Amino acid sequence: MRKLIIILLLTSIVIAMPMVLGIAEGPKAVEEWFSKLNDLTKEKVTKLHFYFHGIASGKNSTSMPVVLSNATSSSATLFGDIFVADDPLTVGPELHSKTVGRAQGLYSGAALAEAGLLMTMNLVFTDGIYNGSTLSLFGRNSILDLYREMSIVGGTGVFRLARGIATAKTFSFSTTTFNAVVEYSVMIIHY
Ligand SMILES: *[C@@H]1O[C@H](CO)[C@@H](O)[C@H](O)[C@H]1NC(C)=O
Ligand SMILES: *[C@@H]1O[C@H](CO)[C@@H](O)[C@H](O)[C@H]1NC(C)=O
Ligand SMILES: *[C@@H]1O[C@H](CO)[C@@H](O)[C@H](O)[C@H]1NC(C)=O
């Protein structure tokens, strides 16, 4: 009897393969997905567009410094400062427009002489067909430049094995609150 229950449990685990948007999850499912890659002749190109809200101050702040070097306070470029952030991503430039995800991760002042942040963030999508999928962004954000290109170095869910380029452009920045709205255009190649 006990053996039967165990077999039933195992069977139900195998049958009830958890899915994210029609993609089977779990180590076995990922292994099968990889084994079918040879059959895939065509990669897809996907374009994403959203606004990133860096809310640096106030009660609803979405980013905060977690490490300061002793040189940071005297640095005009925030050198040595590490922030952790969970910034909302929206369809339009207004914070109250539809939320499509969050940018979760770290950014830090990594340039001594000019404004150059190191960004290591996961773009975590929460809406529509991308809900539950992520893209990993890694790059240099020279925030005073008009356009900043950063690498998309990977992804999960529907973005498995993604690679691409995120182009960031500041939409607005407040010199009093340090809040920033940044327009992101992301081109990725994935399966
Ligand atoms: C924080 O968010 C709440 C809920 O969205 C809003 O009512 C409030 O005005 C916000 N506070 C600040 C300081 O932005
Ligand atoms: C930071 O700390 C180091 C090591 O203690 C010290 O040599 C340096 O002078 C300090 N720099 C500043 C700007 O305080
Ligand atoms: C996204 O997926 C989560 C988990 O499956 C679900 O709870 C949520 O309602 C979904 N959100 C949207 C907007 O589809």
Side-chain angles (χ1 to χ4, degrees), residues 8-37 39-40 42-64 66 83-107 119-139 141 148 150-172 179-191:
L8 281 174
L9 274 174
L10 285 175
T11 314
S12 72
I13 288 165
V14 170
I15 290 170
M17 186 93 81
M19 307 272 278
V20 169
L21 307 152
I23 295 188
E25 288 181 303
K28 200 89 206 137
V30 172
E31 198 176 320
E32 276 170 27
W33 187 86
F34 267 81
S35 74
K36 286 181 193 148
L37 278 185
D39 307 338
L40 299 176
K42 237 183 169 178
E43 287 176 312
K44 279 187 283 223
V45 174
T46 296
K47 179 183 168 181
L48 303 170
H49 181 262
F50 49 81
Y51 290 83
F52 168 112
H53 299 264
I55 307 164
S57 57
K59 250 196 348 215
N60 299 333
S61 164
T62 57
S63 67
M64 54 197 66
V66 288
F83 290 79
V84 64
D86 183 355
D87 294 329
L89 307 175
T90 59
V91 165
E94 310 81 17
L95 184 56
H96 62 259
S97 71
K98 188 178 177 186
T99 299
V100 292
R102 316 279 306 186
Q104 298 175 335
L106 304 173
Y107 58 94
M119 309 276 287
T120 51
M121 302 204 109
N122 289 314
L123 305 174
V124 183
F125 297 98
T126 54
D127 189 57
I129 55 169
Y130 304 130
N131 187 6
S133 297
T134 69
L135 286 173
S136 295
L137 178 143
F138 182 92
N141 191 354
R148 289 88 71 181
M150 289 172 274
S151 304
I152 298 294
V153 295
T156 64
V158 298
F159 297 134
R160 280 175 187 165
L161 294 185
R163 60 202 190 281
I165 295 292
T167 306
K169 178 177 186 271
T170 301
F171 178 83
S172 64
N179 290 351
V181 179
V182 184
E183 182 179 8
Y184 270 75
S185 305
V186 182
M187 297 295 303
I188 48 167
I189 297 169
H190 62 112
Y191 290 97

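Numbering of ligands and ligand atoms starts at 1, following listing order. Keep in mind it's a predicted model, so treat the numbers as computed, not measured.
Heavy-atom neighbours of Phe138 CZ from other residues, nucleotides or ligands within 6.0 Å: at or below the threshold of 12.
Protein neighbours of ligand 3 below 4.0 Å, counting non-hydrogen atoms: Thr126, Asp127, Asn131.
Leu106 and Met121 make their closest contact through O-CG, 3.9 Å (heavy atoms, listed as atom of the first residue, atom of the second, distance).
Thr46 contributes no side-chain N or O that, together with a main-chain N or O of Ile188, makes up a donor-acceptor pair within less than 3.5 Å. For the pair Asn179 (side chain) and Ala56 (backbone), a donor-acceptor distance under 3.5 Å is present. Listed for the Arg102 side chain is a donor-acceptor partner under 3.5 Å among the backbone atoms of Asp86.
Leu123 has its side chain out of reach of Tyr130: every pair of non-hydrogen atoms, C-beta onward, lies at least 4.5 Å apart.
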